[in-house]
Student: 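Mind looking over this structure? Questions follow.
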Protein chains: 2
Amino acid sequence: MKRKITLKQIARELDVSISTVSKALRNSAEISEDTKQKVQAFAKLYNYRPNNIALSLKNRRTNTIGIIIPEIVHHFFSKVIRGVELVANKRGYNVIIGLSNESFSKEVINMEMLANGSIDGFILSMSKETLKLQDYHHFNETMTQGMPIVMFDRVVSDIKCDKVIVDDFNGAKKAVEKLIDNGCKSIALITTKDYVSVGKLRTQGYLEALEEHKIAPKAELILKIDDSLDYEVHLEALEKEIEQLFKLNSAIDGVFAVNELYALCAMKVARKLGLEIPGDVQVIGFTDGVLSKHATPSLSTVSQHAQDMGEKAADLLIDKLESEFTTHEEEFQIVVIPTELIERESTK
Amino acid sequence: MKRKITLKQIARELDVSISTVSKALRNSAEISEDTKQKVQAFAKLYNYRPNNIALSLKNRRTNTIGIIIPEIVHHFFSKVIRGVELVANKRGYNVIIGLSNESFSKEVINMEMLANGSIDGFILSMSKETLKLQDYHHFNETMTQGMPIVMFDRVVSDIKCDKVIVDDFNGAKKAVEKLIDNGCKSIALITTKDYVSVGKLRTQGYLEALEEHKIAPKAELILKIDDSLDYEVHLEALEKEIEQLFKLNSAIDGVFAVNELYALCAMKVARKLGLEIPGDVQVIGFTDGVLSKHATPSLSTVSQHAQDMGEKAADLLIDKLESEFTTHEEEFQIVVIPTELIERESTK
DNA sequence: GAAAGTCACGAAAACGTTTTCGTGTTAAAA
DNA sequence: TTTTAACACGAAAACGTTTTCGTGACTTTC
């Protein structure tokens with residue numbers, strides 16, 4: 001159980017100074033070839049690696065980025081992480097994660113825990129509770145202390161920082177247009193309450209698509225789910241709501257849902273009511289999760305390119321970190337990731 | 001863009017020494033009440049927080065644990081992470097992640113990157129490539145340097161460390177017994193090649209269950225999939241193989257699959273061939289992913305309690321870290337997480 | 001009034017690096 | 001032979017903490 005070897009130990013062993021060892025290992029011209037060889041051989045033998053913590057302290061940068069997300073057991077977020085990790089690793093950074101579990105206080109605590117030197121910058125997506133409370137002090141404080149933040153997906157315009165967002169509006173619009181093109185006359189929308197920014201934007205896309213095709217939106221075709229309940233658990237409640245929707249509007253021949261689960265539920269309910277998919281009802285969801293792909297019939301969806309988002313966010317953050325001393329212009333970017341309509345069996 | 005405040009700055013501002021500030025903030029009896037109040041008030045005003053990196057260097061522990069997994073876009077692994085994060089956070093630790101992407105070299109690189117001081121210990125699950133190559137030097141080297149490792153799920157007996165594993169054998173056995181109890185006479189097994197330890201154990205469970213019920217196993221009912229191909233992509237290939245299985249063995253009335261995707265595929269193929277589920281064929285999968293729950297018909301599965309695994313692994317690791325100076329007995333634990341058969345619509 | 005004790009604080013080392021600057025030795029130039 | 005330059009290395013500071021030990025100024029005790 002020997003500890004890792006340090007410069008000091010090498011120095012003592014070889015009877016030279018610590019500085020000499022350090023320089024020899026970094027191939028400094030100050031050191032003679034003889035000494036270099038001797039030191040490097042010894043270091044290799046004992047598998048010397050500089051201590052990251054000491055380096056971090058000296059350089060005042062950790063080469064680590066923190067990512068705070070509401071939930072990790074979720075395809076969208078885990079794909080984002082994959083993207084972040086990919087780029088971070090390629091550029092020599094580590095990734096440390098914090099889960100807010102959709103809670104404001106856990107988000108704050110997690111950020112404070114990491115902001116005290118553990119990381120160089122944040123990539124984060126806000127918790128639902130934070131969105132509801134509209135309390136953004138922890139973000140602003142972090143940034144005034146010189147730690148950059150890149151937000152993704154769930155963002156608000158009040159916060160001045162780089163952002164990576166999905167083109168929710170156009171994604172939704174195109175999906176609904178597709179349904180219209182495919183002959184749907186009565187298209188239902190299953191969405192969330194408005195405080196979740198993405199839900200709002202997708203709803204707007206839905207409305208815009210209808211309007212452009214001279215279809216009057218009907219309030220009774222729009223179902224707003226209260227997603228503060230965990231529908232992974234309360235599945236039946238969700239199904240009941242959707243069943244009501246279908247029963248009260250027998251003309252429905254198309255459904256656009258703002259996420260995968262709602263869409264799947266809609267398909268299930270529709271079939272239960274004797275409707276054929278895509279014959280009688282066509283369905284499009286939002287997200288590129290695994291459910292859509294493996295459902296029967298497989299579900300047409302608006303793909304968000306979650307991994308691209310993660311990659312882009314990581315690039316933005318690292319760019320900022322590494323240019324911090326060259327330019328001090330506080331110009332914040334908003335990168336919009338285009339969506340893609342993936343047509344599967346649930347549409348004609 | 002002011003930096004975070006340090007002890008030194010407080011000391012200069014208040015015209016006392018750094019030691020005094022440090023002691024005052026930690027409420028040392030050495031310091032007079034007056035001075036304490038003054039220092040504490042000032043620190044609060046400027047929101048002083050000790051720098052984690054400096055603490056890590058001084059204490060030679062980072063209070064961070066590293067987790068290395070093959071893939072994050074995967075329900076099982078993300079649930080494990082959730083469990084790890086939960087416990088880690090509760091006990092004052094951070095979590096840093098590394099993805100091996102099922103590659104040996106990425107696993108090695110990732111571990112080396114973290115082992116140089118960034119973390120206090122590892123929680124990991126081996127990549128498929130590592131399992132194939134049977135090269136475990138990086139694990140052993142890490143451990144000889146005094147850094148503890150806890151392995152989960154994909155483990156090998158050659159490595160001496162704490163382990164948390166799923167009771168694959170009994171889980172599989174019970175599942176197959178359930179099928180037998182439900183009247184199945186000809187039960188197919190869809191599994192992976194043997195080098196993945198968990199696949200092997202589940203296969204053994206299947207065989208044992210048959211044997212105990214005096215059913216002779218038939219080689220033609222066992223389909224071994226080469227999972228080095230990514231079947232998320234090559235879905236049709238997988239379906240073809242399974243279709244062959246059904247066509248060559250029309251007597252099949254039960255299927256046990258070692259993962260969710262294989263099971264889902266089996267259901268899809270069976271229905272395509274005109275078989276009813278669970279009327280003609282009953283199916284049980286392995287894992288507690290989201291697909292099983294939301295498939296139609298929903299899939300009966302053996303749940304692995306992934307989050308429990310993560311929690312247990314984290315507790316094991318932290319226990320070891322925090323007792324490192326009391327006991328030096330190298331006793332390694334193997335914790336077996338029991339499985340649970342979740343019956344849904346794909347069984348009678 | 002001297003010896004002993006208490007109080008409140010500061011100096012310095014340590015954790016493991018990197019880097020600047022200084023210095024002694026030797027070789028080349030004057 | 002003396003001056004200069006090149007060479008090879010070491011001392012020390014710095015990053016931000018915590019902690020041990022030392023010390024000066026009082027207060028108490030005989």
Side-chain angles (χ1 to χ4, degrees), chain A residues 2-40 42-43 46-64 115-120 145-147 325, chain B residues 2-40 42-43 46-64 115-120 145-147 325:
Chain A
K2 45 180 185 187
R3 285 223 156 273
K4 294 224 68 172
I5 196 168
T6 69
L7 287 187
K8 191 192 280 194
Q9 293 169 43
I10 300 183
R12 193 184 310 141
E13 213 66 35
L14 262 47
D15 210 38
V16 291
S17 77
I18 297 180
S19 339
T20 303
V21 178
S22 175
K23 288 171 190 165
L25 291 176
R26 325 194 92 236
N27 249 315
S28 159
E30 278 184 75
I31 307 298
S32 70
E33 280 307 318
D34 275 8
T35 315
K36 275 191 206 172
Q37 299 234 337
K38 196 173 58 175
V39 172
Q40 287 174 3
F42 191 91
Y46 284 88
N47 195 28
Y48 170 80
R49 294 276 182 281
N51 180 302
N52 283 333
I53 295 293
L55 284 179
S56 295
L57 183 59
K58 175 120 191 59
N59 301 330
R60 291 148 119 203
R61 55 203 325 281
T62 60
N63 273 28
T64 300
N116 300 314
S118 301
I119 62 164
D120 297 334
Q145 295 194 338
M147 181 161 297
F325 39 115
Chain B
K2 46 181 181 185
R3 286 223 157 272
K4 294 224 67 173
I5 196 167
T6 69
L7 287 186
K8 191 192 280 194
Q9 291 170 43
I10 300 182
R12 193 183 312 140
E13 213 66 36
L14 262 46
D15 210 38
V16 291
S17 77
I18 296 180
S19 341
T20 303
V21 177
S22 176
K23 288 171 190 164
L25 290 176
R26 325 195 91 235
N27 248 315
S28 159
E30 278 185 71
I31 306 297
S32 69
E33 280 306 319
D34 275 8
T35 313
K36 274 190 204 170
Q37 299 235 336
K38 197 174 57 175
V39 172
Q40 287 175 3
F42 191 91
Y46 283 88
N47 195 29
Y48 170 80
R49 294 274 184 283
N51 180 304
N52 282 334
I53 295 293
L55 285 179
S56 295
L57 183 59
K58 176 124 193 56
N59 302 330
R60 291 147 118 206
R61 58 203 323 281
T62 61
N63 274 31
T64 301
N116 300 316
S118 300
I119 62 165
D120 297 333
Q145 296 195 338
M147 182 162 298
F325 41 115

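Please read all numbers here as calculations on a predicted model, not as lab measurements. The analysis underlying the following values was restricted to heavy atoms, covering all of them including side chains, and did not include hydrogens, waters or symmetry mates. We name chains A, B, ... by the order of the sequence lines, and we start the count at 1 in each one.
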Student: Expressed in angstrom and rounded to an integer, what is the separation of A:Asp15 atom CG from D:dC9 atom P?
Tutor: 12 Å
Student: What integer distance in Å separates B:Ile31:CD1 from C:dC7:C1'?
Tutor: 10 Å
Student: When the distance from CG of A:Leu25 to C1' of D:dC9 is rounded to whole Å, what number comes out?
Tutor: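 The distance from CG of A:Leu25 to C1' of D:dC9 comes to 15 Å, rounded to the nearest Å.
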Student: Take A:Ile119 and A:Met147 through the test side chain to side chain contact (heavy atoms under 4.5 Å, CB included) and record every step on the way to the result.
Tutor: CA-CA 9 Å; A:Ile119 62 164; A:Met147 181 161 297; 4.0 Å; yes
Student: Can you check each nucleotide of nucleotides 17-25 of chain C against protein heavy atoms at under 4.0 Å and return B for base, S for sugar-phosphate only, - for none, in 5' to 3' order?
Tutor: BBBBB----
Student: For B:Asn27, does the CG atom have more than 12 heavy-atom neighbours from other residues, nucleotides or ligands under 6.0 Å away?
Tutor: yes
Student: In whole angstrom, what separates A:Asn52's CG from C:dG16's C1'?
Tutor: 11 Å
Student: NZ of A:Lys36 to CD of A:Glu30: how many Å apart, nearest 0.5 Å?
Tutor: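 Those atoms lie 10.0 Å apart.
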Student: Give the C-alpha distance, both sets of side-chain angles, the deciding distance and a yes or no for side chain to side chain contact (heavy atoms under 4.5 Å, CB included) between A:Thr6 and A:Lys4.
Tutor: CA-CA 7 Å; A:Thr6 69; A:Lys4 294 224 68 172; over 6 Å; no
Student: For A:Thr35 and D:dC9, is the shortest distance between a side-chain N/O and OP1 or OP2 below 4.0 Å?
Tutor: yes
Student: What verdict does the side chain to side chain contact (heavy atoms under 4.5 Å, CB included) test give for A:Ile10 and A:Tyr46, after you've listed the backbone C-alpha separation in whole Å, the side-chain angles of each residue and the deciding distance to 0.1 Å?
Tutor: CA-CA 9 Å; A:Ile10 300 183; A:Tyr46 284 88; over 6 Å; no
Student: May I have the distance from A:Leu14 (atom CG) to D:dC9 (atom P), rounded to whole angstrom?
Tutor: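 One finds 11 Å between P of D:dC9 and CG of A:Leu14, rounded.
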Student: If you check every side-chain atom of A:Ser32, which of C:dC9, D:dG16, D:dA8 has the closest atom?
Tutor: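 Minimum distance to the A:Ser32 side chain belongs to D:dA8.
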Student: For A:Asn27 and D:dA8, what is the distance between atoms CG and C1' respectively, to the nearest whole Å?
Tutor: 15 Å
Student: Got a second to check how far B:Ile31's CD1 is from B:Ser19's OG, nearest 0.5 Å?
Tutor: 8.0 Å
